[in-house]
K.L.:
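Here's a structure for you.
Just so we're clear, the structure is a prediction, and the values are computed from it rather than from any experiment. Quick note on labels: first sequence line is chain A, next is B, and so on, each numbered from 1. FYI, side chains are in, hydrogens and waters are out, and symmetry mates aren't considered; it's all heavy atoms of this structure.
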Number of protein chains: 2
Amino acid sequence: MADDPATEILDATYRALCEHGYANLTLQDIAVEADTSKASIHYHYDSKNQLIAAFLDELFERFIDRVDSPVGDTPQEQLDALLQVLLSTDADPSLREFRTAMLELKAQAPYDPTLQERLTEFDEVLSEQLRAILAAGVDAGGFDDTIEPTHDAEYLTTTITGAHTRDIAINQSSEQLYVTMTRHIERHLLADEQPEVAQ
Amino acid sequence: MADDPATEILDATYRALCEHGYANLTLQDIAVEADTSKASIHYHYDSKNQLIAAFLDELFERFIDRVDSPVGDTPQEQLDALLQVLLSTDADPSLREFRTAMLELKAQAPYDPTLQERLTEFDEVLSEQLRAILAAGVDAGGFDDTIEPTHDAEYLTTTITGAHTRDIAINQSSEQLYVTMTRHIERHLLADEQPEVAQ
(Lines give C-alpha, C1' and ligand atoms only; values in the text may rest on other atoms or scores of the structure.)
Protein backbone atom coordinates (compact mmCIF):
# COMPACT_ATOMS: atom_id res chain seq x y z
CA MET A 1 0.00 0.00 0.00
CA ALA A 2 1.32 3.40 -0.93
CA ASP A 3 1.92 6.09 1.65
CA ASP A 4 -0.15 8.96 0.32
CA PRO A 5 -3.47 9.14 -1.57
CA ALA A 6 -2.02 10.66 -4.77
CA THR A 7 0.51 7.80 -5.08
CA GLU A 8 -2.13 5.21 -4.18
CA ILE A 9 -4.25 6.58 -7.07
CA LEU A 10 -1.31 6.12 -9.46
CA ASP A 11 -0.86 2.51 -8.28
CA ALA A 12 -4.59 1.97 -8.79
CA THR A 13 -4.24 3.47 -12.30
CA TYR A 14 -1.71 0.76 -13.17
CA ARG A 15 -4.08 -1.98 -12.01
CA ALA A 16 -7.09 -0.39 -13.74
CA LEU A 17 -5.16 0.01 -17.02
CA CYS A 18 -4.17 -3.67 -16.91
CA GLU A 19 -7.77 -4.69 -16.24
CA HIS A 20 -9.73 -2.36 -18.52
CA GLY A 21 -7.25 -1.15 -21.15
CA TYR A 22 -6.92 2.55 -21.95
CA ALA A 23 -9.80 3.18 -24.37
CA ASN A 24 -12.48 2.04 -21.92
CA LEU A 25 -10.77 3.31 -18.77
CA THR A 26 -12.87 5.65 -16.59
CA LEU A 27 -12.03 7.57 -13.44
CA GLN A 28 -14.70 5.42 -11.78
CA ASP A 29 -12.67 2.26 -12.60
CA ILE A 30 -9.63 3.84 -10.99
CA ALA A 31 -11.66 4.97 -7.96
CA VAL A 32 -12.84 1.35 -7.47
CA GLU A 33 -9.25 0.06 -7.68
CA ALA A 34 -8.07 2.75 -5.24
CA ASP A 35 -10.99 2.05 -2.90
CA THR A 36 -11.86 5.73 -2.97
CA SER A 37 -14.34 8.07 -4.68
CA LYS A 38 -14.23 9.88 -8.04
CA ALA A 39 -14.42 13.14 -6.04
CA SER A 40 -11.27 12.16 -4.18
CA ILE A 41 -9.48 11.49 -7.48
CA HIS A 42 -10.64 14.85 -8.83
CA TYR A 43 -9.16 16.48 -5.73
CA HIS A 44 -5.72 15.29 -6.89
CA TYR A 45 -6.13 15.17 -10.68
CA ASP A 46 -8.29 17.39 -12.90
CA SER A 47 -9.04 14.86 -15.62
CA LYS A 48 -8.33 11.38 -16.92
CA ASN A 49 -5.72 12.89 -19.27
CA GLN A 50 -3.96 14.68 -16.43
CA LEU A 51 -4.00 11.54 -14.31
CA ILE A 52 -2.54 9.47 -17.16
CA ALA A 53 0.17 12.10 -17.66
CA ALA A 54 1.06 11.93 -13.93
CA PHE A 55 0.99 8.14 -14.13
CA LEU A 56 3.41 8.18 -17.07
CA ASP A 57 5.69 10.59 -15.22
CA GLU A 58 5.82 8.17 -12.29
CA LEU A 59 6.38 5.25 -14.66
CA PHE A 60 9.12 7.22 -16.37
CA GLU A 61 10.98 7.66 -13.07
CA ARG A 62 10.86 3.89 -12.50
CA PHE A 63 11.91 3.26 -16.11
CA ILE A 64 14.92 5.54 -15.66
CA ASP A 65 15.87 3.63 -12.51
CA ARG A 66 15.77 0.33 -14.44
CA VAL A 67 17.50 1.60 -17.56
CA ASP A 68 20.00 4.06 -16.11
CA SER A 69 22.03 1.69 -13.98
CA PRO A 70 22.48 -1.47 -16.04
CA VAL A 71 23.99 -4.34 -14.11
CA GLY A 72 27.33 -5.68 -15.30
CA ASP A 73 31.07 -5.12 -15.19
CA THR A 74 31.51 -4.67 -18.94
CA PRO A 75 29.45 -2.89 -21.63
CA GLN A 76 28.59 -6.34 -23.08
CA GLU A 77 27.17 -7.49 -19.75
CA GLN A 78 25.32 -4.19 -19.35
CA LEU A 79 23.78 -4.48 -22.81
CA ASP A 80 22.72 -8.05 -22.10
CA ALA A 81 21.22 -7.12 -18.73
CA LEU A 82 19.29 -4.24 -20.32
CA LEU A 83 17.88 -6.48 -23.06
CA GLN A 84 16.87 -9.06 -20.48
CA VAL A 85 14.99 -6.41 -18.52
CA LEU A 86 13.31 -5.01 -21.63
CA LEU A 87 12.42 -8.27 -23.36
CA SER A 88 11.66 -10.66 -20.54
CA THR A 89 8.02 -11.50 -20.07
CA ASP A 90 7.92 -13.45 -16.85
CA ALA A 91 9.04 -10.83 -14.33
CA ASP A 92 5.52 -9.56 -13.70
CA PRO A 93 2.32 -11.49 -14.39
CA SER A 94 0.48 -8.28 -15.30
CA LEU A 95 3.15 -7.28 -17.84
CA ARG A 96 1.18 -8.42 -20.91
CA GLU A 97 -1.90 -6.47 -19.87
CA PHE A 98 0.28 -3.47 -19.18
CA ARG A 99 2.06 -3.70 -22.55
CA THR A 100 -1.35 -3.92 -24.22
CA ALA A 101 -2.45 -0.71 -22.49
CA MET A 102 0.85 0.96 -23.47
CA LEU A 103 0.26 -0.01 -27.12
CA GLU A 104 -3.19 1.59 -26.90
CA LEU A 105 -1.57 4.72 -25.52
CA LYS A 106 0.93 4.72 -28.41
CA ALA A 107 -1.95 4.58 -30.91
CA GLN A 108 -3.57 7.56 -29.13
CA ALA A 109 -0.37 9.62 -29.17
CA PRO A 110 -1.06 11.41 -32.51
CA TYR A 111 -4.20 12.90 -30.94
CA ASP A 112 -2.57 13.89 -27.64
CA PRO A 113 0.65 15.98 -27.70
CA THR A 114 1.21 15.58 -23.92
CA LEU A 115 1.05 11.83 -24.26
CA GLN A 116 3.36 11.87 -27.28
CA GLU A 117 5.85 14.01 -25.38
CA ARG A 118 5.93 11.45 -22.53
CA LEU A 119 6.34 8.50 -24.89
CA THR A 120 9.15 10.34 -26.66
CA GLU A 121 10.98 10.73 -23.34
CA PHE A 122 10.83 6.96 -22.77
CA ASP A 123 12.21 6.36 -26.26
CA GLU A 124 14.99 8.92 -25.86
CA VAL A 125 16.22 7.69 -22.49
CA LEU A 126 16.41 4.12 -23.82
CA SER A 127 18.13 5.15 -27.04
CA GLU A 128 20.63 7.31 -25.15
CA GLN A 129 21.45 4.55 -22.67
CA LEU A 130 22.03 2.07 -25.50
CA ARG A 131 24.21 4.63 -27.27
CA ALA A 132 26.28 5.17 -24.12
CA ILE A 133 26.79 1.41 -23.64
CA LEU A 134 27.81 0.92 -27.28
CA ALA A 135 30.20 3.88 -27.17
CA ALA A 136 31.78 2.59 -23.93
CA GLY A 137 32.07 -0.86 -25.51
CA VAL A 138 33.88 0.52 -28.54
CA ASP A 139 36.24 2.47 -26.29
CA ALA A 140 36.95 -0.57 -24.11
CA GLY A 141 37.54 -2.71 -27.20
CA GLY A 142 34.85 -5.33 -26.59
CA PHE A 143 32.62 -3.91 -29.31
CA ASP A 144 33.53 -3.74 -32.95
CA ASP A 145 35.10 -0.42 -33.86
CA THR A 146 32.92 -0.08 -36.97
CA ILE A 147 29.92 0.49 -34.68
CA GLU A 148 28.20 3.82 -35.05
CA PRO A 149 26.78 4.19 -31.53
CA THR A 150 24.03 6.68 -32.39
CA HIS A 151 22.76 4.74 -35.40
CA ASP A 152 23.11 1.30 -33.84
CA ALA A 153 21.33 2.49 -30.69
CA GLU A 154 18.50 3.85 -32.83
CA TYR A 155 18.31 0.51 -34.58
CA LEU A 156 18.23 -1.46 -31.33
CA THR A 157 15.59 0.87 -29.89
CA THR A 158 13.41 0.34 -32.95
CA THR A 159 13.82 -3.43 -32.78
CA ILE A 160 12.94 -3.49 -29.06
CA THR A 161 9.85 -1.37 -29.79
CA GLY A 162 8.89 -3.82 -32.52
CA ALA A 163 9.34 -6.76 -30.14
CA HIS A 164 6.87 -5.18 -27.72
CA THR A 165 4.37 -4.52 -30.51
CA ARG A 166 4.61 -8.07 -31.88
CA ASP A 167 4.29 -9.49 -28.37
CA ILE A 168 0.81 -7.93 -28.17
CA ALA A 169 -0.33 -7.84 -31.80
CA ILE A 170 0.57 -11.38 -32.82
CA ASN A 171 1.37 -12.98 -29.47
CA GLN A 172 5.02 -13.43 -30.46
CA SER A 173 6.91 -13.60 -27.17
CA SER A 174 9.55 -10.90 -26.88
CA GLU A 175 11.74 -13.48 -25.14
CA GLN A 176 12.23 -15.25 -28.45
CA LEU A 177 13.49 -11.95 -29.81
CA TYR A 178 15.93 -11.71 -26.89
CA VAL A 179 17.57 -14.89 -28.19
CA THR A 180 17.65 -13.53 -31.75
CA MET A 181 19.02 -10.15 -30.61
CA THR A 182 21.74 -11.84 -28.58
CA ARG A 183 22.94 -13.79 -31.64
CA HIS A 184 22.72 -10.61 -33.69
CA ILE A 185 24.82 -8.67 -31.18
CA GLU A 186 27.42 -11.42 -30.95
CA ARG A 187 27.73 -11.60 -34.73
CA HIS A 188 27.55 -7.93 -35.64
CA LEU A 189 28.38 -5.71 -32.69
CA LEU A 190 30.98 -7.50 -30.61
CA ALA A 191 34.63 -7.40 -31.62
CA ASP A 192 36.01 -10.65 -33.01
CA GLU A 193 38.55 -10.76 -30.23
CA GLN A 194 37.50 -9.77 -26.75
CA PRO A 195 39.91 -7.79 -24.55
CA GLU A 196 41.07 -9.52 -21.40
CA VAL A 197 39.11 -8.52 -18.33
CA ALA A 198 41.15 -7.86 -15.21
CA GLN A 199 40.30 -10.58 -12.66
CA MET B 1 -15.34 4.12 -57.41
CA ALA B 2 -15.58 0.40 -56.77
CA ASP B 3 -17.71 -1.85 -58.93
CA ASP B 4 -19.89 -3.57 -56.39
CA PRO B 5 -21.46 -2.45 -53.09
CA ALA B 6 -19.51 -4.90 -50.89
CA THR B 7 -16.19 -3.62 -52.27
CA GLU B 8 -17.33 0.00 -52.05
CA ILE B 9 -18.09 -0.63 -48.34
CA LEU B 10 -14.52 -1.91 -47.84
CA ASP B 11 -13.10 1.19 -49.54
CA ALA B 12 -15.31 3.33 -47.31
CA THR B 13 -14.02 1.38 -44.29
CA TYR B 14 -10.47 2.46 -45.17
CA ARG B 15 -11.49 6.12 -45.33
CA ALA B 16 -13.58 5.88 -42.14
CA LEU B 17 -10.72 4.19 -40.25
CA CYS B 18 -8.35 6.96 -41.31
CA GLU B 19 -10.82 9.62 -40.24
CA HIS B 20 -12.21 8.18 -36.99
CA GLY B 21 -9.66 5.60 -35.81
CA TYR B 22 -10.73 2.10 -34.82
CA ALA B 23 -11.93 2.57 -31.22
CA ASN B 24 -14.57 5.14 -32.14
CA LEU B 25 -15.50 3.67 -35.52
CA THR B 26 -19.19 2.90 -36.01
CA LEU B 27 -21.06 1.26 -38.86
CA GLN B 28 -22.83 4.61 -39.24
CA ASP B 29 -19.47 6.31 -39.96
CA ILE B 30 -18.78 3.74 -42.66
CA ALA B 31 -22.31 4.14 -44.08
CA VAL B 32 -21.72 7.89 -44.39
CA GLU B 33 -18.40 7.34 -46.19
CA ALA B 34 -20.00 4.76 -48.51
CA ASP B 35 -22.97 7.05 -49.13
CA THR B 36 -25.30 4.25 -48.15
CA SER B 37 -27.35 3.11 -45.15
CA LYS B 38 -26.45 1.02 -42.10
CA ALA B 39 -29.10 -1.45 -43.27
CA SER B 40 -27.28 -1.83 -46.57
CA ILE B 41 -24.00 -2.51 -44.73
CA HIS B 42 -25.75 -5.09 -42.54
CA TYR B 43 -26.98 -6.79 -45.71
CA HIS B 44 -23.34 -7.50 -46.61
CA TYR B 45 -21.68 -7.73 -43.17
CA ASP B 46 -23.18 -8.98 -39.91
CA SER B 47 -21.19 -6.79 -37.53
CA LYS B 48 -18.40 -4.24 -37.25
CA ASN B 49 -16.04 -7.10 -36.34
CA GLN B 50 -17.00 -9.11 -39.40
CA LEU B 51 -16.61 -6.06 -41.62
CA ILE B 52 -13.16 -5.32 -40.18
CA ALA B 53 -12.16 -8.96 -40.74
CA ALA B 54 -13.29 -8.72 -44.40
CA PHE B 55 -11.48 -5.38 -44.70
CA LEU B 56 -8.25 -6.94 -43.39
CA ASP B 57 -8.65 -9.88 -45.80
CA GLU B 58 -8.89 -7.42 -48.69
CA LEU B 59 -5.93 -5.45 -47.33
CA PHE B 60 -3.99 -8.69 -46.96
CA GLU B 61 -4.48 -9.49 -50.65
CA ARG B 62 -3.11 -6.08 -51.59
CA PHE B 63 -0.25 -6.48 -49.11
CA ILE B 64 0.68 -9.84 -50.67
CA ASP B 65 0.69 -8.18 -54.10
CA ARG B 66 3.09 -5.51 -52.84
CA VAL B 67 5.33 -7.84 -50.87
CA ASP B 68 5.30 -10.96 -53.02
CA SER B 69 6.82 -9.54 -56.18
CA PRO B 70 9.62 -7.26 -55.06
CA VAL B 71 11.09 -5.20 -57.86
CA GLY B 72 14.76 -5.73 -58.67
CA ASP B 73 17.17 -7.93 -60.57
CA THR B 74 19.17 -9.04 -57.54
CA PRO B 75 18.19 -10.00 -53.99
CA GLN B 76 19.87 -6.78 -52.76
CA GLU B 77 17.71 -4.66 -55.06
CA GLN B 78 14.63 -6.64 -54.03
CA LEU B 79 15.37 -6.14 -50.34
CA ASP B 80 15.91 -2.44 -50.89
CA ALA B 81 12.69 -2.10 -52.91
CA LEU B 82 10.74 -3.92 -50.20
CA LEU B 83 12.13 -1.69 -47.45
CA GLN B 84 11.30 1.40 -49.50
CA VAL B 85 7.71 0.21 -49.88
CA LEU B 86 7.39 -0.64 -46.20
CA LEU B 87 9.13 2.38 -44.71
CA SER B 88 8.28 5.21 -47.07
CA THR B 89 5.77 7.70 -45.75
CA ASP B 90 4.98 9.89 -48.73
CA ALA B 91 3.34 7.42 -51.09
CA ASP B 92 -0.14 8.04 -49.71
CA PRO B 93 -1.24 11.14 -47.79
CA SER B 94 -3.62 9.04 -45.64
CA LEU B 95 -0.86 6.60 -44.65
CA ARG B 96 -0.23 8.08 -41.20
CA GLU B 97 -3.90 7.96 -40.29
CA PHE B 98 -4.06 4.42 -41.58
CA ARG B 99 -0.98 3.33 -39.61
CA THR B 100 -2.52 4.88 -36.51
CA ALA B 101 -5.69 2.81 -37.01
CA MET B 102 -3.56 -0.31 -37.60
CA LEU B 103 -1.72 0.33 -34.32
CA GLU B 104 -5.10 0.56 -32.56
CA LEU B 105 -6.06 -2.75 -34.15
CA LYS B 106 -2.80 -4.29 -32.91
CA ALA B 107 -3.59 -3.16 -29.36
CA GLN B 108 -7.04 -4.78 -29.67
CA ALA B 109 -5.64 -8.09 -30.94
CA PRO B 110 -5.31 -9.78 -27.51
CA TYR B 111 -9.09 -9.39 -27.07
CA ASP B 112 -10.02 -10.59 -30.57
CA PRO B 113 -8.61 -13.91 -31.86
CA THR B 114 -9.91 -13.33 -35.42
CA LEU B 115 -8.09 -10.01 -35.57
CA GLN B 116 -4.91 -11.52 -34.12
CA GLU B 117 -5.04 -14.30 -36.70
CA ARG B 118 -5.22 -11.72 -39.53
CA LEU B 119 -2.36 -9.65 -38.11
CA THR B 120 -0.28 -12.82 -37.74
CA GLU B 121 -0.80 -13.56 -41.45
CA PHE B 122 0.58 -10.12 -42.37
CA ASP B 123 3.60 -10.71 -40.17
CA GLU B 124 4.24 -14.17 -41.54
CA VAL B 125 4.02 -13.21 -45.20
CA LEU B 126 6.49 -10.38 -44.65
CA SER B 127 8.89 -12.50 -42.61
CA GLU B 128 8.75 -15.31 -45.19
CA GLN B 129 9.40 -12.92 -48.10
CA LEU B 130 12.40 -11.42 -46.29
CA ARG B 131 13.67 -14.92 -45.51
CA ALA B 132 13.37 -15.91 -49.18
CA ILE B 133 15.24 -12.81 -50.35
CA LEU B 134 18.04 -13.33 -47.80
CA ALA B 135 18.35 -17.02 -48.69
CA ALA B 136 18.49 -16.19 -52.42
CA GLY B 137 21.10 -13.51 -51.66
CA VAL B 138 23.30 -15.98 -49.80
CA ASP B 139 22.99 -18.50 -52.65
CA ALA B 140 23.83 -15.86 -55.27
CA GLY B 141 26.79 -14.67 -53.20
CA GLY B 142 25.75 -11.05 -52.75
CA PHE B 143 24.81 -11.63 -49.11
CA ASP B 144 27.22 -12.69 -46.42
CA ASP B 145 27.27 -16.45 -45.98
CA THR B 146 27.08 -16.14 -42.19
CA ILE B 147 23.49 -14.94 -42.58
CA GLU B 148 20.85 -17.11 -40.96
CA PRO B 149 17.89 -16.28 -43.22
CA THR B 150 15.15 -17.31 -40.78
CA HIS B 151 16.64 -15.42 -37.82
CA ASP B 152 17.72 -12.37 -39.78
CA ALA B 153 14.28 -12.16 -41.45
CA GLU B 154 12.66 -12.32 -38.01
CA TYR B 155 14.94 -9.55 -36.86
CA LEU B 156 14.18 -7.33 -39.87
CA THR B 157 10.44 -7.96 -39.47
CA THR B 158 10.63 -6.90 -35.84
CA THR B 159 12.60 -3.76 -36.69
CA ILE B 160 10.12 -2.80 -39.45
CA THR B 161 7.25 -3.32 -37.00
CA GLY B 162 9.06 -1.09 -34.51
CA ALA B 163 9.56 1.59 -37.18
CA HIS B 164 5.81 1.68 -37.80
CA THR B 165 5.08 1.89 -34.07
CA ARG B 166 7.58 4.71 -33.50
CA ASP B 167 6.26 6.57 -36.54
CA ILE B 168 2.90 6.86 -34.76
CA ALA B 169 3.82 6.81 -31.06
CA ILE B 170 6.63 9.36 -31.12
CA ASN B 171 6.30 10.83 -34.61
CA GLN B 172 9.66 9.39 -35.63
CA SER B 173 9.49 9.10 -39.41
CA SER B 174 10.02 5.54 -40.62
CA GLU B 175 11.96 7.02 -43.54
CA GLN B 176 14.79 7.88 -41.19
CA LEU B 177 14.85 4.23 -40.21
CA TYR B 178 15.05 3.28 -43.89
CA VAL B 179 18.38 5.11 -44.03
CA THR B 180 19.60 3.41 -40.83
CA MET B 181 18.45 -0.02 -42.04
CA THR B 182 20.21 0.45 -45.36
CA ARG B 183 23.51 1.19 -43.62
CA HIS B 184 22.89 -1.76 -41.32
CA ILE B 185 22.28 -4.11 -44.24
CA GLU B 186 25.33 -2.88 -46.11
CA ARG B 187 27.53 -3.36 -43.06
CA HIS B 188 26.16 -6.62 -41.71
CA LEU B 189 24.25 -8.55 -44.34
CA LEU B 190 25.95 -7.91 -47.65
CA ALA B 191 29.06 -9.82 -48.58
CA ASP B 192 32.28 -7.81 -48.55
CA GLU B 193 32.79 -8.51 -52.20
CA GLN B 194 29.83 -8.43 -54.53
CA PRO B 195 29.56 -10.97 -57.36
CA GLU B 196 29.62 -9.53 -60.84
CA VAL B 197 26.20 -9.07 -62.36
CA ALA B 198 25.81 -10.14 -65.97
CA GLN B 199 25.21 -7.02 -68.02
Side-chain angles (χ1 to χ4, degrees), chain A residues 21-24 87 96-97 99-111 113 115-124 127 144 146-148 150-172 174 176-177 179-181 183-184 187-189, chain B residues 21-24 87 96-97 99-111 113 115-124 127 144 146-148 150-172 174 176-177 179-181 183-184 187-189:
Chain A
Y22 176 68
N24 300 317
L87 299 175
R96 256 189 87 69
E97 286 77 15
R99 278 194 186 159
T100 304
M102 283 298 285
L103 197 57
E104 278 189 86
L105 285 170
K106 289 175 182 175
Q108 290 303 313
Y111 311 111
L115 181 55
Q116 188 152 73
E117 198 180 298
R118 258 77 179 183
L119 293 173
T120 304
E121 285 170 358
F122 279 80
D123 190 277
E124 283 174 354
S127 196
D144 196 280
T146 64
I147 282 183
E148 300 167 287
T150 302
H151 288 290
D152 283 294
E154 170 97 0
Y155 201 87
L156 291 173
T157 302
T158 308
T159 309
I160 291 163
T161 304
H164 291 165
T165 301
R166 290 175 89 223
D167 183 17
I168 302 310
I170 65 164
N171 201 18
Q172 172 79 48
S174 57
Q176 180 179 321
L177 209 266
V179 177
T180 306
M181 279 193 102
R183 296 160 77 125
H184 176 89
R187 257 172 53 207
H188 298 309
L189 301 186
Chain B
Y22 175 69
N24 300 317
L87 298 175
R96 255 188 87 69
E97 286 76 15
R99 278 193 187 159
T100 305
M102 283 299 284
L103 197 57
E104 278 190 87
L105 285 170
K106 288 175 183 175
Q108 290 304 314
Y111 310 112
L115 180 55
Q116 187 152 74
E117 199 180 297
R118 256 78 177 182
L119 294 172
T120 304
E121 285 170 357
F122 280 79
D123 190 277
E124 283 174 352
S127 196
D144 197 281
T146 63
I147 282 183
E148 301 167 288
T150 302
H151 289 290
D152 284 293
E154 170 96 2
Y155 201 87
L156 291 174
T157 301
T158 307
T159 309
I160 290 164
T161 304
H164 290 165
T165 301
R166 290 174 89 224
D167 183 17
I168 301 310
I170 66 164
N171 202 16
Q172 172 78 50
S174 58
Q176 178 177 323
L177 210 267
V179 177
T180 306
M181 279 192 102
R183 297 160 76 124
H184 177 90
R187 258 171 53 208
H188 298 311
L189 300 186

K.L.:
Is a donor from one side chain sitting under 3.5 angstrom from an acceptor on the other, for B:Arg166 and A:Thr157?
P.N.:
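No, no side-chain donor-acceptor contact under 3.5 Å.
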K.L.:
Is chain A contacted by the side chain of B:Gln108, its backbone, both, or neither, given a heavy-atom distance below 4.5 Å?
P.N.:
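Side chain only.
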K.L.:
Counting heavy-atom pairs under 4.5 Å to chain B, which of A:Thr161, A:Leu105, A:Leu115 comes out on top?
P.N.:
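Going by pairs under 4.5 Å, I would pick A:Thr161.
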K.L.:
Most heavy-atom pairs under 4.5 angstrom with chain B, which of A:Ala101, A:Ala163, A:Ala107?
P.N.:
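Answer, by heavy-atom pair count under 4.5 Å with chain B: A:Ala107.
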K.L.:
Please classify the contact between B:Asn171 and chain A as side chain, backbone, both or neither, with a heavy-atom cut-off of under 4.5 Å.
P.N.:
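Both backbone and side chain.
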K.L.:
Side chain, backbone, both or neither: which part of B:Arg183 has an atom under 4.5 Å from a heavy atom of chain A?
P.N.:
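Interface part for B:Arg183: side chain.
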K.L.:
If you count heavy-atom pairs under 4.5 Å with chain A, which of B:His151, B:His188, B:Lys106 comes out on top?
P.N.:
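Top count of heavy-atom pairs under 4.5 Å with chain A: B:His188.
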K.L.:
Between A:His164 and A:Ile168, is a side chain to side chain contact (heavy atoms under 4.5 Å, CB included) present by the stated rule, with each step listed?
P.N.:
CA-CA 7 Å; A:His164 291 165; A:Ile168 302 310; over 6 Å; no
K.L.:
Please look at A:Met102 and chain B and tell me whether the side chain, the backbone, both or neither of the residue comes under 4.5 angstrom of a heavy atom of that chain.
P.N.:
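No part of it gets close to chain B.
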K.L.:
Distance check, rounded to the nearest 0.5 Å: A:Asp123 atom CG versus B:Thr165 atom OG1?
P.N.:
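Rounded to the nearest 0.5 Å, the CG-OG1 separation comes out at 10.5 Å.
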K.L.:
For A:Asn24, is it the side chain, the backbone, both, or neither that has a heavy atom closer than 4.5 Å to a heavy atom of chain B?
P.N.:
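No part of it gets close to chain B.
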K.L.:
Please lay out, stage by stage, how A:Thr159 and A:Leu177 fare under the test side chain to side chain contact (heavy atoms under 4.5 Å, CB included).
P.N.:
CA-CA 9 Å; A:Thr159 309; A:Leu177 209 266; 3.9 Å; yes
K.L.:
Select one option (side chain, backbone, both, neither) describing which atoms of A:Arg99 are under 4.5 Å from chain B's heavy atoms.
P.N.:
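For A:Arg99, no heavy atom lies under 4.5 Å from chain B.
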K.L.:
For A:Tyr111, is it the side chain, the backbone, both, or neither that has a heavy atom closer than 4.5 Å to a heavy atom of chain B?
P.N.:
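Just the side chain, heavy atoms under 4.5 Å.
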K.L.:
Rounded to the nearest 0.5 Å, what separates atom OH in B:Tyr155 from atom CG in B:Asp152?
P.N.:
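Between atom OH of B:Tyr155 and atom CG of B:Asp152 there are 9.5 Å.
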K.L.:
Measure distances from A:His184 to the heavy atoms of chain B and classify the residue's part below 4.5 Å as side chain, backbone, both or neither.
P.N.:
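The side chain, not the backbone.
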K.L.:
Rounded to the nearest 0.5 Å, how far does CG of B:Leu189 lie from CD1 of B:Ile147?
P.N.:
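Here the rounded value is 4.5 Å.
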K.L.:
Looking at A:Leu103, A:Thr158, A:Thr180, which one has more heavy-atom pairs under 4.5 Å with chain B than the rest?
P.N.:
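Ranked by heavy-atom pairs under 4.5 Å with chain B, first place is A:Thr158.
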K.L.:
Under a 4.5 Å cutoff for heavy-atom pairs, which residue among A:Gly162, A:Pro110, A:Ala169 has the most contacts with chain B?
P.N.:
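That would be A:Ala169.
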K.L.:
Name the member of A:Arg187, A:Glu117, A:Glu104, A:Gln172 that forms the most heavy-atom pairs with chain B at distances under 4.5 Å.
P.N.:
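Most heavy-atom pairs within the cutoff with chain B belong to A:Arg187.
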